[in-house]
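Notes follow the structure.
Quantities reported herein were computed from a predicted structural model and do not represent experimental measurements.
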Amino acid sequence: MLRRTAHLLLGFVMTMAFAVGGAVVTAGPAQADGCYTWTRTLSSGASGADVTQLQIRVSGYPGYNSVLAIDGSYGPATTAAVKRFQSAYGLAADGIAGPATQAKLYALQDDDCTPIHFTYPELNNCNSTWAGGAVAAGTAKANALSSMWKLEALRHALGDQSIRVTSGFRSTSCNAAAGGASNSRHLYGDAVDLGSGPHSLCTIAQQARNHGFNGILGPGYPDHGDHIHVNQGPSHFWSASQCGI
C-alpha cells in the first residue's frame with residue numbers, strides 16, 4: 001500500500017512539473033519506477049517497442065465494442081485510445097503521449113508493470129509458473145497483463161471502486177477441476193471472471209463493453225449467473241441477456 005501511495009504521489013508531482021499554465025513542458029523524460037521508462041514523446045506515426053508498451057496500458061480505452069491492436073504502430077486507433085485515457089484522468093486530450101500522460105501511467109503501475117489495483121497472483125490462483133495451459137507460460141502471463149490494464153480502465157470507469165476477481169489463468173488440470181470448457185479462454189491467460197461487489201454483475205458487464213473485451217458472458221448465459229466472464233479471445237461474442245447484452 002505504501003508503494004502504491006508513493007506512485008500516486010510521484011505521478012501527481014510529475015504531472016505538476018510538466019504542466020505549466022496548461023502547456024506541456026518538454027523537459028527530459030520522467031523517471032519511472034522499476035517497470036518501464038519512456039524516453040520520448042509518442043504521437044501518431046511513431047512505431048516501436050515503446051509504442052507497444054503504451055498500447056498495453058491504454059488498451060482499456062478503445063471505445064465501445066472495439067479492441068485496440070497491440071502492434072507497436074501509433075495509428076488513429078491508438079491516438080483515440082490515448083485521448084480517452086487522457087480525458088478519463090483529467091489531462092489535455094490531445095492524443096499525444098507526452099510527459100504528463102507518461103507520468104500518469106507511471107503512477108498507475110507497480111514495479112512489475114501491473115496496474116496498481118491488480119496483481120499477477122490475483123489473476124492466477126492455479127500455479128506460480130503460468131505453465132500447463134493452451135499457450136506458452138510467457139504468453140499466458142503477457143495476456144494476463146493486458147487483461148489487468150483493461151480491468152484497471154474498467155475499475156476507473158466504475159468510480160475507482162474495487163472489482164473482485166474470482167478466476168483467471170488456468171492450466172489444463174485447473175480448468176478441468178473448475179469444470180471449465182475444453183476450449184476455455186482461461187487456458188490462454190486472457191480470460192477473467194468477476195464477482196459482484198460494490199457494483200452489480202450487470203453494471204460490470206455493461207461497462208465492460210467499452211474496455212476492449214472481445215468476450216463478455218454473464219447472467220442469462222448458461223452457468224454464468226453468479227459472475228461476469230470477460231476475455232480477449234479472437235472472436236467477438238457477448239451474451240448476458242439478463243443485462244441487456
Side-chain angles (χ1 to χ4, degrees), residues 56 59-60 62 64-68 70 112-115 117-155 157-158 161-245:
I56 291 169
S59 61
Y64 179 82
N65 196 17
S66 296
V67 176
L68 179 65
I70 311 299
D112 62 356
C113 298
T114 60
H117 296 107
F118 298 92
T119 66
Y120 281 120
E122 191 175 10
L123 265 72
N124 181 1
N125 57 15
C126 172
N127 59 44
S128 61
T129 64
W130 299 84
V135 292
T139 299
K141 190 173 183 179
N143 288 342
L145 179 63
S146 180
S147 292
M148 282 187 272
W149 280 101
K150 294 183 180 186
L151 291 176
E152 185 71 25
L154 173 60
R155 186 185 189 280
L158 291 173
Q161 292 181 303
S162 63
I163 294 177
R164 185 165 61 91
V165 174
T166 61
S167 183
F169 167 76
R170 299 173 189 163
S171 67
T172 300
S173 58
C174 286
N175 187 59
S182 61
N183 62 343
S184 171
R185 296 306 307 181
H186 289 281
L187 295 165
Y188 296 80
D190 66 11
V192 187
D193 290 346
L194 307 171
S196 60
H199 306 286
S200 70
L201 293 178
C202 284
T203 295
I204 295 170
Q206 290 162 357
Q207 185 61 46
R209 296 175 295 182
N210 300 299
H211 298 291
F213 295 106
N214 246 342
I216 302 174
L217 305 175
Y221 188 78
D223 301 321
H224 287 71
D226 62 351
H227 69 281
I228 298 298
H229 169 98
V230 293
N231 71 62
Q232 302 184 76
S235 301
H236 180 279
F237 185 72
W238 292 354
S239 182
S241 59
Q242 292 181 20
C243 303
I245 298 174

Side chain to side chain contact (heavy atoms under 4.5 Å, CB included) between Val135 and Trp130, worked out: CA-CA 9 Å; Val135 292; Trp130 299 84; over 6 Å; no

Intermediate values then yes/no, side chain to side chain contact (heavy atoms under 4.5 Å, CB included), Thr166 and Asp226: CA-CA 10 Å; Thr166 61; Asp226 62 351; over 6 Å; no

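A donor-acceptor pair under 3.5 Å is formed between the side chain of Ser66 and the backbone N or O of Tyr64. No donor-acceptor pair under 3.5 Å is formed between the side chain of Asn143 and the backbone N or O of Ser146.
Every residue was checked against the side-chain hydrogen bond (donor to acceptor under 3.5 Å, both in side chains) condition with Ser59, not counting sequence neighbours, and none meets it. A search for side-chain hydrogen bond (donor to acceptor under 3.5 Å, both in side chains) contacts involving Ser173 returns Ser171, not counting sequence neighbours.
The CG atom of Leu194 lies 6.0 Å from the CG atom of Leu151; values are rounded to the nearest 0.5 Å. Ile56 contributes atom CD1, which lies 6.0 Å from atom CD1 of Ile70 (distance to the nearest 0.5 angstrom). One finds the NZ atom of Lys150 at 13.5 Å from the CZ atom of Phe118 (value rounded to the nearest 0.5 Å). Rounding to the nearest 0.5 Å places OH of Tyr188 at 11.5 Å from OG1 of Thr139. In this structure, CZ on Arg164 lies 11.5 Å from CD1 on Ile228, to the nearest 0.5 angstrom.
Heavy atoms only, all atoms of each residue included: Tyr120 and Thr114 are closest at CE1-CG2, 3.4 Å.
For the side-chain contact (heavy atoms from CB on, under 4.5 Å) criterion with Leu154, the lone passing option out of His199, His211, Arg209 is His211.
Contact of the Asn175 side chain with the Thr172 side chain is not registered, since no non-hydrogen atoms from C-beta on lie closer than 4.5 Å. In this structure, the side chains of Glu122 and Met148 stay at 4.5 Å or more apart for every pair of heavy atoms.
Annotation: Asn65, atom CG; neighbour count of heavy atoms from other residues, nucleotides and ligands within 6.0 Å is above 12.
Ring pair His227/His224 is tilted by interplanar angle, where 30° to 60° counts as tilted.
The pair Arg170-Asp193 meets the salt-bridge criterion, with a side-chain N (NZ, NE, NH1 or NH2) lying under 4.0 Å from an Asp/Glu carboxylate O.
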